[in-house]
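Single-structure report; data block below.
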Amino acid sequence: ERINAIVDMKRFWIHKSIAEFRELNRTKVERKVVSGEGFLFMGRSYRLKLDGTIDIPLALTNGFFILREKDAPRAKNLFIGFYREQGKKHLSQRVEFYRKKMGIGNVNVRVLDLKKRWASWGNKNLNFHWKVMLAPMSVIDYIVVHELAHAKRKDHSHAFWEMVESVMPNYHEKKEWLRVNGANLDI
């Protein structure tokens, strides 16, 4: 009975949240492995070219993703590998910049498949989902600052958000961009 009463109290919020989730995911882009398809990297869309002559499976060159034709069946794994490799490089640089600004000690950066999170903080490890690398750099910076703030504040209290705002005064815009566009940060 008590559980039913709680569910009844939260029913409007539950239905509203489900409707919002469906609306935000309604326009999710399904990318196909065909020449001309756009794939994101750091907020920019790069057209895919299938090529039977290149020596490596996947490259970003001259404004195009070039995928070796015979590797098309494993394109998703190749893209994930590319995002993880590039993420380690770019995210490490951004973390280094912001951690110094925020007075935080050394941090180990990892790029993983976190399933339902953009990033996580724990035990001096800053873990990022590889999908972060599809977002614009300003949104990536927001995710970095947000997670670094957890080094000092484990919660999302008013003090936590003040810390984020002190480093990134326009963080609200980045947070909203991620909420609205996050479903499209996928391959």
Side-chain angles (χ1 to χ4, degrees), residues 17 20-21 24-25 28-31 38-46 56-60 65 67 71 74-187:
S17 296
E20 181 176 321
F21 175 81
L24 291 174
N25 285 280
K28 184 177 176 182
V29 174
E30 296 283 332
R31 292 182 173 82
F39 285 82
L40 296 171
F41 178 57
M42 293 179 29
R44 183 170 168 216
S45 182
Y46 294 89
I56 58 174
L58 179 68
L60 178 59
F65 273 114
L67 176 67
D71 292 305
R74 59 188 199 109
K76 182 173 182 172
N77 288 336
L78 291 170
F79 272 101
I80 290 170
F82 172 85
Y83 293 130
R84 288 182 73 170
E85 179 184 317
Q86 292 298 312
K88 179 72 173 162
K89 182 175 86 175
H90 291 286
L91 290 165
S92 293
Q93 292 170 353
R94 302 314 291 161
V95 166
E96 186 65 12
F97 174 79
Y98 283 110
R99 81 162 184 83
K100 288 177 179 175
K101 201 172 190 176
M102 296 171 75
I104 296 168
N106 288 333
V107 175
N108 181 40
V109 174
R110 299 186 300 186
V111 183
L112 310 165
D113 189 337
L114 297 179
K115 303 295 180 215
K116 307 236 182 235
R117 295 176 160 209
W118 293 114
S120 67
W121 166 263
N123 201 23
K124 294 194 177 187
N125 286 316
L126 196 44
N127 303 309
F128 293 93
H129 196 301
W130 58 262
K131 291 180 182 181
V132 166
M133 294 311 300
L134 284 74
M137 200 67 211
S138 63
V139 175
I140 293 171
D141 282 349
Y142 159 69
I143 295 168
V144 168
V145 169
H146 178 116
E147 292 306 323
L148 284 171
H150 282 306
K152 294 187 175 187
R153 290 256 173 209
K154 306 298 181 217
D155 56 18
H156 288 109
S157 64
H158 183 69
F160 170 87
W161 291 111
E162 281 182 340
M163 185 183 315
V164 171
E165 188 171 35
S166 72
V167 177
M168 184 174 283
N170 64 344
Y171 83 89
H172 295 283
E173 296 167 19
K174 311 312 175 196
K175 184 179 177 187
E176 179 64 10
W177 188 97
L178 197 55
R179 186 187 73 76
V180 171
N181 298 288
N184 285 320
L185 300 181
D186 203 349
I187 52 174

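Heavy-atom basis, side chains included; hydrogens, waters and symmetry copies ignored. Count residues from 1 along the sequence.
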Distance, nearest 0.5 Å, that separates CE of Met42 from CG of Leu60: 10.0 Å

Stepwise side chain to side chain contact (heavy atoms under 4.5 Å, CB included) test for Trp161 and Lys175: CA-CA 12 Å; Trp161 291 111; Lys175 184 179 177 187; 3.6 Å; yes

Partners passing side-chain contact (heavy atoms from CB on, under 4.5 Å) against Glu165 (at least two apart in sequence or in another chain): Tyr171, His172

Spacing of Lys76 atom NZ and Leu78 atom CG [to the nearest 0.5 Å]: 12.5 Å

CZ on Arg110 to CZ on Arg84, rounded to 0.5 Å: 10.0 Å

Side chain proximity check, Pro136 to Arg44, heavy atoms < 4.5 angstrom: no

Lys154, NZ atom: more than 12 neighbouring heavy atoms under 6.0 Å: yes

Residues in side-chain contact (heavy atoms from CB on, under 4.5 Å) contact with Arg153, at least two apart in sequence or another chain: Asp155, Ser157, Ala159, Phe160, Met163

Ring-face cation of Lys88 near Trp130 (centre distance under 6.0 Å, axis angle within 45°): no

Step-by-step side chain to side chain contact (heavy atoms under 4.5 Å, CB included) determination, Leu126 to Asn108: CA-CA 6 Å; Leu126 196 44; Asn108 181 40; over 6 Å; no

Results of salt bridge (charged side-chain N to carboxylate O under 4.0 Å, His left out) for Lys115 - residues two or more places apart only: Asp113

Side-chain touch Lys124/Asn106, heavy atoms, less than 4.5 angstrom: no

From Tyr142 atom OH to Asn170 atom CG, the distance as rounded to the nearest 0.5 Å: 11.5 Å

Geometric class of the His156/His150 ring pair [parallel <30°, tilted 30-60°, perpendicular >60°]: perpendicular

Residue list, side-chain contact (heavy atoms from CB on, under 4.5 Å) with Ser120, at least two apart or on another chain: Leu114, Arg117, Asn127

Separation of Ile187 CD1 from Leu134 CG (nearest 0.5 Å): 7.5 Å

Non-neighbouring partners of Phe82 that pass ring-ring contact (aromatic ring centres under 6.0 Å, His included), sequence neighbours left out: Phe41, Phe65

Gap separating the NZ atom of Lys131 from the CG atom of Asn184, nearest 0.5 angstrom: 11.0 Å

N-O pairing of Glu85 and Lys89 below 4.0 Å: no

Lys/Arg N to Asp/Glu carboxylate O, Arg94 vs Asp141, below 4.0 Å: yes

Val167 vs Tyr98, side chain to side chain contact (heavy atoms under 4.5 Å, CB included): CA-CA, chis, key distance, verdict: CA-CA 8 Å; Val167 177; Tyr98 283 110; 3.6 Å; yes

Pairwise side-chain contact, Leu185 with Trp118, heavy-atom cut-off 4.5 Å (strictly under): yes

Flag, side chain of Lys152 to backbone of Met102, donor-acceptor distance under 3.5 Å: yes

ring-ring contact (aromatic ring centres under 6.0 Å, His included) partners of Trp121, counting only residues at least two apart: none

Stepwise side chain to side chain contact (heavy atoms under 4.5 Å, CB included) test for Asp71 and Leu58: CA-CA 8 Å; Asp71 292 305; Leu58 179 68; over 6 Å; no

